[in-house]
Amino acid sequence: MNIQKTIANTFASAMRWIACLGLLSALGLPTAALAHSNEYLATIKGDHGGLLRMAEMYHFELVVKDGEVQVWVTDHGDAPQSTQGANASLHFIAGTQTMTVKLNPAGTNELAGKDSRIRPAAGTKIVLTVTMKGQKPLQVRYLLGDLKADHAGKH
């Protein structure tokens with residue numbers, strides 16, 4: 001009889017631990033999902049100090065300076081992704097003014113473009129359209145001045 005009670009108590013205890021672990025795992029899932037969302041990426045700076053966004057398996061870090069733009073491409077694990085053979089452009093929308101800048105592969109995982117009309121200003125909307133080699137086109141959207149946590153560390 002004592003063996004049956006011991007087995008029953010051990011089983012009940014194990015089931016409580018499994019239930020606790022299941023609950024803790026479920027509570028952790030929203031955080032894990034949030035870690036790879038544009039809402040989360042908008043709160044941190046990229047490795048180059050730029051704005052981060054994602055599309056499918058890629059992270060895109062955008063840096064805009066007077067006369068030039070750069071985009072670095074990584075995967076969700078921050079591993080650089082080759083931009084060789086990629087086609088990309090940035091469409092700038094500032095009030096009623098628009099312009100498009102073609103980006104070219106530069107370096108291992110960088111896309112870059114130059115145009116003397118590029119002037120970063122808060123509130124400028126930017127749409128990145130990029131087709132990585134052999135893949136379908138992707139689009140991501142940025143809003144300059146949209147880094148929601150300037151005090152946040154790098155990604």
Side-chain angles (χ1 to χ4, degrees), residues 16-155:
R16 281 192 296 274
W17 275 107
I18 290 171
C20 286
L21 288 174
L23 179 61
L24 290 173
S25 295
L27 291 173
L29 284 178
T31 303
L34 183 62
H36 282 98
S37 70
N38 280 323
E39 291 76 20
Y40 170 72
L41 292 175
T43 66
I44 60 174
K45 288 183 181 181
D47 289 340
H48 302 94
L51 299 172
L52 289 169
R53 296 294 182 272
M54 61 168 269
E56 301 215 0
M57 65 177 275
Y58 300 105
H59 284 186
F60 299 96
E61 180 182 356
L62 171 70
V63 172
V64 180
K65 300 176 186 171
D66 282 349
E68 65 182 278
V69 293
Q70 295 167 285
V71 175
W72 287 270
V73 184
T74 59
D75 65 10
H76 292 297
D78 291 330
Q81 299 297 297
S82 174
T83 55
Q84 297 309 306
N87 292 309
S89 64
L90 285 172
H91 187 72
F92 291 81
I93 306 162
T96 60
Q97 306 235 334
T98 65
M99 77 169 170
T100 301
V101 175
K102 180 168 175 34
L103 302 178
N104 297 303
T108 305
N109 67 319
E110 183 182 346
L111 299 163
K114 293 187 179 196
D115 189 310
S116 61
R117 299 173 296 165
I118 298 171
R119 299 279 177 247
T124 300
K125 297 174 186 173
I126 301 174
V127 179
L128 168 66
T129 303
V130 60
T131 305
M132 299 298 281
K133 185 177 181 178
Q135 298 187 24
K136 68 180 184 176
L138 301 172
Q139 276 195 343
V140 292
R141 301 175 190 285
Y142 301 88
L143 178 63
L144 291 187
D146 192 31
L147 189 59
K148 294 179 178 150
D150 285 331
H151 62 279
K154 294 194 301 187
H155 176 54

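Judged as a salt bridge (Lys or Arg N to Asp or Glu O under 4.0 Å), and not counting sequence neighbours, Glu68 has no contacts. Listed by chain and number, the residues in a side-chain hydrogen bond (donor to acceptor under 3.5 Å, both in side chains) with Thr129 are Gln139 (sequence neighbours excluded).
Looking at heavy atoms from C-beta onward, Leu52 lies out of side-chain contact with Tyr40 at the 4.5 angstrom threshold. Under the 4.5 Å side-chain criterion, counting only non-hydrogen atoms from C-beta, Asp75 is not in contact with Tyr58. By the 4.5 Å heavy-atom criterion applied to side chains, Glu56 and Gln135 are not counted as neighbours.
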Could you pull out every donor-acceptor pair under 3.5 Å between side chains of residues 87-100 and any protein atom, sequence neighbours left out?
from, atom 1, to, atom 2, distance (Å)
His91, ND1, Thr100, OG1, 2.8

Show me the side-chain donor-acceptor pairs of residues 110-125 shorter than 3.5 Å, one per line, residues at least two apart or across chains.
from, atom 1, to, atom 2, distance (Å)
Glu110, OE2, Gln70, NE2, 2.9
Asp115, OD1, Arg117, N, 2.8
Asp115, OD1, Arg117, NE, 3.0
Asp115, OD2, Arg117, NE, 3.4
Asp115, OD2, Arg117, NH2, 2.8
Arg119, NH2, Ser116, O, 3.4
Thr124, OG1, Ala121, O, 2.8

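No side-chain donor-acceptor contact under 3.5 Å links Arg53 to the backbone of Phe60. Between the side chain of Asn109 and the main chain of Val73, a donor-acceptor pair closer than 3.5 Å is present.
Using the six-membered ring where Trp is involved, His76 and His59 have ring planes that are perpendicular, over 60° apart on the 30 and 60° scheme.
Each of Leu128, Ile126, Val140 was scored for a side-chain contact (heavy atoms from CB on, under 4.5 Å) with Leu62, with one residue passing: Ile126.
The CE atom of Met54 lies 15.5 Å from the CD atom of Glu61; values are rounded to the nearest 0.5 Å.
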Audit row: Leu143, Leu51, side-chain contact (heavy atoms from CB on, under 4.5 Å) steps and yes/no: CA-CA 9 Å; Leu143 178 63; Leu51 299 172; over 6 Å; no
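Pairing each heavy atom of Gln84 with each of Ser82, the nearest pair is N-OG, 3.2 Å.
Lys102 NZ: more than 12 foreign heavy atoms inside a 6.0 Å radius.
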